[in-house]
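These notes are about the structure you will find just below.
Worth knowing before you read on, the calculation uses all heavy atoms, side chains too, and leaves out hydrogens, waters and symmetry mates. Every chain is numbered from 1, with letters handed out A, B, ... down the list of sequences.
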There are 2 protein chains.
Amino acid sequence: MIQPEILCQSPIFRGISPDELQELFRQIHYQVKSYQKNDLITIAGEVCDRLLIIQEGSVKAEMNDYSGKTIKIEDMSAPWPLATAFLFGKENRFPVTVSATSDVVMVSIPKPEFVKLLQLNSLILNNYLNTISTRAQFLSQKLKFLSFKTIRQKIAHYLLEKAGERLQTVEVPQSQKQLAEMFGVTRPSLARTLGEMVQEGLIETQRRAIKILDKAKMNQLLKG
Amino acid sequence: MIQPEILCQSPIFRGISPDELQELFRQIHYQVKSYQKNDLITIAGEVCDRLLIIQEGSVKAEMNDYSGKTIKIEDMSAPWPLATAFLFGKENRFPVTVSATSDVVMVSIPKPEFVKLLQLNSLILNNYLNTISTRAQFLSQKLKFLSFKTIRQKIAHYLLEKAGERLQTVEVPQSQKQLAEMFGVTRPSLARTLGEMVQEGLIETQRRAIKILDKAKMNQLLKG
DNA sequence: TTTGAAATGTATCAAATGTTACAAACAGTG
DNA sequence: CACTGTTTGTAACATTTGATACATTTCAAA
């Protein structure tokens, strides 16, 4: 049995009232499945032809590398939808193996039924489009970030992005260690490069605050 | 005036007959705008509240860096849709400035009208969902690829991906130069690393064919 | 076959970054 | 205050890659 009060908090059904959701679900076919802890929910490579939403409990996603070993990717819990980017698109297979990390109840909506749902209710349609679009935007941003090769460029991009048009002083909310991880570099390398940039008069650092002294030169770095 | 024969070749209207498309467009509001060469079509930062489809001619997308200089991003021509990932999602602004590189006719469909279209016709809905999902998958793949740091890892990942479970010999359809570009490294560096891997007995190369000799060690490389 | 352009293999050197290690500065706690 | 763990600055050295140059091979057109 579905629980509309929970499902309507899912990003896909956000804004729908529980009653309305109940009514919508009456118009489509779907399944509610229970899993016990450690049960497999999807297997990597399996065709993804239905939308899965966690109604209760939590799951983990793991990926198999080429030798068959598993690497943990992500944890998710109710009321989150699974693999929204793989229901449509060219590659219709789950990229990950999902298994229950607690007792779990999943709502499973076959793709054609979900399409029906999208056409019945424009809010759901908008929500779903927003979900995958936001994901695409997020990935695009991340990709742009990785496209900067040198550490200097990454720092410059990060600071200019944060600073925007106006401010010159940027509050860095992360430790150097976290920042380095985000940049995909080691902590000492980041510190060294920051140090060099200070010496060259590009920036000033004070603990968590970084002041941009020469915006023009910083921009220059990103051209390369 | 829209030209259904052209528009139905757009990824969004693929599979729709020209007549059907004509009929669908009768049910919504839209605009057809003409631009002359070098006219601005969208400006980076502008709110993206309508779907734009090139009906005639070609455009270029440019991005402003922080200092205001422009960098060319992409060329597109009829019948391609613009910025499909930015019509929905959190960030509803064009990331790029688009200008005409020839005389151009654009079809402009306001977002609410496009949503109507999606609800009227499930093929269009599927097409659009496929478009953005495929894009998300593409970005995701690319990101995964970039997550491998060393050239050895990139080669290993590429080869194991291509080889799958079965084959040991991989046909490389690209030249070293193209491959290097795809990996984001220089051509001599790629050749050097390939050479090293041959010497270590990991692979054998014969022109465009690469034979994987030691899958276990290749996998090892990806663990890091 | 000859020829020339493109693709490939290889070498050398410089630059960027990783690795490791350690010291100094800071923040919280008893 | 003294103590302790975390964050930050810095150094020495190793590794990886980029840049550049040039020789060799391949392949297709004349």
Side-chain angles (χ1 to χ4, degrees), chain A residues 142 144-159 162 169-213 217-224, chain B residues 142 145-159 162 169-213 217-218 220-224:
Chain A
K142 204 158 181 179
K144 185 182 172 192
F145 200 84
L146 283 178
S147 76
F148 294 112
K149 291 276 171 63
T150 66
I151 299 183
R152 304 173 82 82
Q153 284 183 324
K154 288 173 186 179
I155 295 174
H157 176 246
Y158 176 82
L159 291 179
K162 279 242 163 195
T169 302
V170 177
E171 277 293 330
V172 181
Q174 295 136 310
S175 71
Q176 263 191 22
K177 190 177 171 185
Q178 291 170 307
L179 209 58
E181 198 165 328
M182 177 178 156
F183 286 9
V185 301
T186 59
R187 210 263 317 155
S189 294
L190 177 62
R192 168 176 36 193
T193 307
L194 278 172
E196 288 169 4
M197 289 172 83
V198 169
Q199 285 212 332
E200 291 168 31
L202 284 169
I203 56 175
E204 267 176 16
T205 60
Q206 273 174 351
R207 215 83 195 128
R208 296 255 161 139
I210 299 179
K211 189 173 178 183
I212 302 175
L213 296 178
K217 270 191 191 166
M218 296 276 275
N219 276 308
Q220 204 61 33
L221 284 177
L222 300 181
K223 307 272 171 63
Chain B
K142 204 157 180 178
F145 201 85
L146 282 178
S147 76
F148 295 111
K149 292 277 171 62
T150 67
I151 299 183
R152 303 173 83 81
Q153 285 183 323
K154 288 175 185 178
I155 295 174
H157 174 247
Y158 176 81
L159 291 179
K162 279 242 162 195
T169 302
V170 177
E171 277 293 331
V172 181
Q174 295 135 310
S175 71
Q176 264 191 22
K177 190 176 171 185
Q178 291 170 307
L179 210 58
E181 197 166 329
M182 175 177 158
F183 286 8
V185 301
T186 58
R187 209 264 317 153
S189 294
L190 177 61
R192 167 175 37 189
T193 307
L194 278 172
E196 288 169 4
M197 290 174 82
V198 169
Q199 285 212 331
E200 291 167 32
L202 284 170
I203 57 175
E204 267 176 15
T205 60
Q206 271 175 351
R207 219 70 200 142
R208 297 260 162 134
I210 299 180
K211 189 173 176 182
I212 302 175
L213 296 178
K217 269 191 190 164
M218 295 275 276
Q220 205 60 33
L221 285 176
L222 300 181
K223 306 273 171 62

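Summarising the geometry, the separation between CD1 on A:I203 and C1' on D:dG9 is reported as 14 Å, rounded to the nearest angstrom. Rounded to a whole Å, the NZ atom of B:K177 is 16 Å from the C1' atom of D:dT26. C:dA16 atom C1' lies 13 Å from atom CD1 of A:I155, rounded to whole Å. If you take CZ of B:F148 and P of D:dT17, they are 14 Å apart, rounded to a whole angstrom. Rounded to an integer number of Å, the gap from B:K149 NZ to D:dT16 C1' is 13 Å. Rounded to whole Å, the distance from CD on B:Q153 to P on D:dT15 is 17 Å. Distance CD (A:Q178) to C1' (D:dT7): 11 Å, rounded to an integer number of Å. Atom NZ of A:K154 and atom C1' of C:dG18 are 13 Å apart (whole Å).
Not one N or O on the side chain of B:K154 forms a donor-acceptor pair closer than 3.5 Å with the backbone of B:L190. A side-chain donor-acceptor contact under 3.5 Å links A:Q178 to the backbone of A:S175.
Counting heavy atoms from C-beta on, the side chains of A:E196 and A:R152 come closer than 4.5 Å. Contact of the B:L221 side chain with the B:K217 side chain is not registered, since no non-hydrogen atoms from C-beta on lie closer than 4.5 Å.
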| task | Let me see the working for A:M218 and A:I203 under side chain to side chain contact (heavy atoms under 4.5 Å, CB included), right down to the final yes or no. | result | CA-CA 9 Å; A:M218 296 276 275; A:I203 56 175; 4.2 Å; yes
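An OP1 or OP2 oxygen of D:dG9 is reached within less than 4.0 angstrom by a side-chain nitrogen or oxygen of A:Q176.
If you check residues 179-200 of chain B against DNA chain D, the residues with a heavy atom closer than 4.0 Å are B:G184, B:V185, B:T186, B:P188, B:S189, B:R192, listed by number.
Relative ring orientation between A:F183 and A:F145 is described as tilted, the plane-to-plane angle lying within the 30° to 60° band.
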